[in-house]
Amino acid sequence: TKVTLEQIAAWDADQIFVISYNKNPSEVVASLKTDPQWQALRATQQGHLYAFPGDLYSWDQPDARWILGVSWLAARLHLDRFPQLDIVQEAEQFYQTLYGLDVQFFESKIHPTFKGDLP
């Protein structure tokens, strides 16, 4: 759902997660962080404006990758409960288990496509 900046400001969220399907979400978030209106938001001021991750597709989509998005989001929202989550390792295991892809394929073809707030 698209929402206006006014609505986002009214929510006064602790954290904001930006999803972008047409542009790299990291670039969108970087642009928002330079916008004076977004700089006025508490989440931005506190460094809690995040680019929702993905690879070839955003991890918020209703497909198998969704489990990676939920894992990443849970770790962002509850750092105390998931202090050791390595989402790259989780993604590697995910692709190996669900798609039978080996580590070399993951590292050469999948990992380079990562976008968003990922290591």
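Cluster annotation: V103 is not connected to Y99 through the hydrophobic network of ILVMFWY side chains, with a link wherever side-chain heavy atoms come within less than 4.5 Å. Grouping the Ile, Leu, Val, Met, Phe, Trp and Tyr side chains by contacts below 4.5 angstrom, directly or via other members, places V28 apart from L118. Neither L41 nor I19 shares a network with the other; the hydrophobic side chains, linked directly or stepwise wherever heavy atoms of I, L, V, M, F, W or Y lie under 4.5 Å apart, form separate groups for each.
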### Residues L32, T44; criterion side-chain contact (heavy atoms from CB on, under 4.5 Å); working and verdict
CA-CA 9 Å; L32 293 175; T44 305; over 6 Å; no

#### Entry: Intermediate values then yes/no, side-chain contact (heavy atoms from CB on, under 4.5 Å), F94 and I110
CA-CA 11 Å; F94 167 86; I110 304 296; over 6 Å; no

### Task
Evaluate side-chain contact (heavy atoms from CB on, under 4.5 Å) for R42 paired with D14, printing each intermediate quantity in order.
CA-CA 7 Å; R42 183 168 49 102; D14 295 330; 2.5 Å; yes

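In the hydrophobic clustering (ILVMFWY side chains linked at under 4.5 Å, chained through shared members), W66 is joined by V70.
Q15 places no side-chain N or O within 3.5 Å of a backbone atom of L49 that could act as its donor or acceptor partner.
Listed by chain and residue number, F106, F114 satisfy the ring-ring contact (aromatic ring centres under 6.0 Å, His included) test with H111 (two or more places apart in sequence, or in another chain). L73 meets the side chain to side chain contact (heavy atoms under 4.5 Å, CB included) test with F17, F52, L77; sequence neighbours excluded.
Looking at every heavy atom in both residues, S20 comes nearest to P25 through CB-CA, 4.1 Å.
In this structure, E107 places its CD atom where more than 12 heavy-atom neighbours from other residues, nucleotides or ligands lie under 6.0 Å away. Other residues, nucleotides and ligands contribute over 12 non-hydrogen atoms within 6.0 Å of the CG atom of D80. Around CD of Q93, the count of heavy atoms belonging to other residues, nucleotides or ligands within 6.0 Å does not exceed 12.
Residue E6 forms a side chain to side chain contact (heavy atoms under 4.5 Å, CB included) with just one option from T4, I8, V3, and that option is T4.
Note that the CD atom of E27 and the NZ atom of K115 stand 10.0 Å from one another [nearest 0.5 Å].
Put simply, the side chain of Q7 does not reach to within 4.5 Å of the side chain of L5, judged on heavy atoms.
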